[in-house]
Amino acid sequence: MKYTKYILVFVLLISLFFGTIPQKSVKKTEYMLDTVISITAYGKNAKKAVDEAFNEIKRLDNLLNAFSPESEISKINQNASNGFVSVNPEVYHLIKYAVGLSNSTFGAFDITLKPVSDLWGFNTENAHVPKTSEIEAALKKTGTENLEFDDNSSAIRFKLPEMAIDLGAIAKGYASSRAAQTLKINGVENAILDLGGNICTIGKRPLAFFEGIANGGFYKPFKIGIQNPTGARGESIHTITAEEDICVITSGSYERYFEENGKRYHHIIDPKTGRPSENGINSATIVSKEGALGDALSTATFVLGKDGIEKITPLCDLVIIIDSENKIFEYRKD
Ligand code: AMP
Ligand code: MG
C-alpha cells in the first residue's frame, strides 16, 4: 500500500509524457437500415453518445427506408405520381443531393431505378432474372429528369406513372456521417462506426496502457480493412490507415446476390441496361470525408468500372477497385 502513491504518480507522469490516460471504450451493435451496425466510441461520455448515435440512425431509418410503408420515401413512392408530395426537408435535400450526384456520375448512380431492381427481387424469396421485355418496360419508368422539385414546399412529383425512388445506395453513408456528427456533439473525440461496410472514423484509436508505452504514445490511427470480395466475411484484402477523420465505403458484388443457372446476379444495376453491372470488378471503395458522397460514388464506381474512373476521381480523395481477379487498383485525386 505504501507504494500506491508512487505508482499513481509514475502512471500520471508517463501518461503526461506520452499523451493522455487511455480511455474506456463502449461498443454497441444493432440491426438497422437493413444491415448490421456497430459503433465503438472512447471516452467518458461514450455510452450516452453511442446511444444517441443509434437514435439518430433509427430516426433516419424511419425516414429513408423504401421498404417500410411509413417512411417518407414510401410516402413519395405511393403518391408522387398523382401530384406534388411535401416531405421532411432533410429528406428533400438528400434527394436533391442524390440527383446532383446522378448528374456528376453521368447517370451511373440513379435513385430512380427502383422499378427495375424490384423486378429482380434481390433479397426477396422471389429473386429471379426478369424477362427482357419487363426490364425494358421498367426502364421507361426511371430517370432523374422525371423528378420534379418544388423548393418552396419541399415537395416532389413524378412526371411518369409508377415511378419509385430508393435511397439504398446513399442512405447508409449519409447515416454514418450523421451518426459520427452525433457522437462529436456528445463529446466523443475517438470512435469508429461501421454501418454494414460503410466505415467512418473520428480521431484515433486509444491504446491500452502497456500497448501505449510500447508504442511511444497512447493513440494510433484507425486501420480499416477492405473486404476480400471472395473471402470469408471480415477477411481483408487491403488496409486503409485513417490519418484524419474519413469514411471508407465499399460497394461489392458479394453483398447481395442470387444465383440462377450457375450465374451470379448482384444487386447493383447499370442504369443503361437495367441489369447487374458487368465491368470485371468485384468491389469499389471510396475514401472521402463525407459518407453520403462516398456511398453514392462507390455505387457509381461499381457501375462504371475502371473505364469510368476519371469521372469519379475529381469528386473524392481516393478510389480503390478490386477487379474480378482480386487485383487491387488505387486512384487518387489529381
Ligand atoms: P450500395 O450497396 O451502396 O452500392 O447500394 C446498392 C443498393 O442501391 C441496391 O441494393 C439498390 O437498392 C440500389 N441500387 C442498385 N443500383 C443502383 C444504382 N445504379 N444507383 C443507385 N442505386 C442503386
Ligand atoms: Mg452506395
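As the structure lists them, so they are numbered: ligands from 1, and atoms in each ligand from 1.
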**Student:** Return the residue, atom name and 0.1 Å-rounded distance of the protein heavy atom closest to atom 1 (P) of ligand 1.
**Tutor:** Thr299 OG1, 3.4 Å
**Student:** I need the nearest protein heavy-atom contact for atom 16 (N) of ligand 1: residue, atom name and distance, please.
**Tutor:** Ile269 N, 3.0 Å
**Student:** Verify salt bridge (charged side-chain N to carboxylate O under 4.0 Å, His left out) between Glu330 and Arg332, making sure each step is shown before the conclusion.
**Tutor:** CA-CA 7 Å; Glu330 287 200 7; Arg332 285 172 200 280; 3.0 Å; yes
**Student:** Atom 3 (O) of ligand 1: which protein heavy atom is closest, and how many Å away?
**Tutor:** Asp295 OD1, 3.0 Å
**Student:** Starting from atom 18 (C) of ligand 1, find the nearest protein heavy-atom neighbour and note its residue, name and distance.
**Tutor:** Leu113 CD1, 3.5 Å
**Student:** Before accepting this row, confirm whether a basic side-chain N of the pair Arg157/Asp150 lies closer than 4.0 Å to the acidic partner's carboxylate O.
**Tutor:** no
**Student:** Taking 4.0 angstrom as the limit, do Asp34 and Lys172 come out as a salt bridge?
**Tutor:** no
**Student:** Would you call Arg59 and Glu90 a salt bridge, using N to O less than 4.0 angstrom?
**Tutor:** yes
**Student:** Using distance alone, determine whether Arg256 and ligand 1 share an N or O pair under 3.5 Å.
**Tutor:** no
**Student:** Do side-chain atoms of Lys75 reach the backbone of Ser86 as a donor and acceptor pair under 3.5 angstrom?
**Tutor:** yes
**Student:** Any idea how Phe302 and His266 line up, ring-wise: parallel (<30°), tilted (30 to 60°), or perpendicular (>60°)?
**Tutor:** perpendicular
**Student:** Just let me know how Ser298 lines up against ligand 1, side chain, backbone, both or neither, with a heavy-atom cut-off below 4.0 Å.
**Tutor:** neither
**Student:** Lys263 and Glu278: salt bridge (charged side-chain N to carboxylate O under 4.0 Å, His left out), yes or no, with the steps?
**Tutor:** CA-CA 12 Å; Lys263 188 168 165 162; Glu278 287 190 58; 3.4 Å; yes
**Student:** Out of Lys272, Lys172, Lys114, His267, whose heavy atom is nearest to atom 9 (C) of ligand 1?
**Tutor:** His267
**Student:** Which residue in the set Thr285, Ile199, Thr301 passes side chain to side chain contact (heavy atoms under 4.5 Å, CB included) when paired with Thr250?
**Tutor:** Thr285
**Student:** Run the salt-bridge test on Glu148 and Lys159 with the 4.0 Å N-O cut-off and return the result as yes or no.
**Tutor:** no
**Student:** Should we count NZ of Lys333 as having more than 12 external heavy atoms under 6.0 Å?
**Tutor:** yes
**Student:** How does Glu255 reach ligand 1, by side chain, by backbone, by both or by neither, if only non-hydrogen atoms under 4.0 Å count?
**Tutor:** side chain
**Student:** Can you tell me how the ring of Phe122 sits relative to the ring of His267, calling it parallel under 30°, perpendicular over 60° and tilted otherwise?
**Tutor:** perpendicular
**Student:** What atoms of ligand 1 come closer than 4.0 angstrom to any heavy atom of Ser251?
**Tutor:** 1 (P), 3 (O), 4 (O)
**Student:** Write out the residue and atom name of the closest protein heavy atom to atom 20 (N) of ligand 1, then the distance separating them to 0.1 Å.
**Tutor:** Asp110 N, 2.9 Å
**Student:** Hey, can you tell me if Phe222 and Tyr42 have their rings parallel, tilted or perpendicular (30° and 60° cut-offs)?
**Tutor:** tilted
**Student:** Using a 4.0 Å cutoff against the non-hydrogen atoms of Phe109, which atoms of ligand 1 qualify?
**Tutor:** 20 (N), 21 (C)
**Student:** Under 2.8 Å from the Mg ion (ligand 2), how many protein N, O or S atoms can be found?
**Tutor:** 4
**Student:** Report the part of Ser117 (side chain from C-beta onward, or backbone N, CA, C, O) that has a heavy atom under 4.0 Å from ligand 1; answer both or neither where that applies.
**Tutor:** neither
**Student:** Give a yes or no on whether the backbone of Lys114 and the side-chain of Asp166 come within a donor-acceptor separation of less than 3.5 Å.
**Tutor:** no
**Student:** Which residue holds the protein heavy atom closest to atom 23 (C) of ligand 1, what is that atom called, and what is the gap in Å?
**Tutor:** Ala169 CB, 4.0 Å
**Student:** Between Asp166 and ligand 1, find which residue part has any heavy-atom pair under 4.0 Å and reply side chain, backbone, both or neither.
**Tutor:** side chain
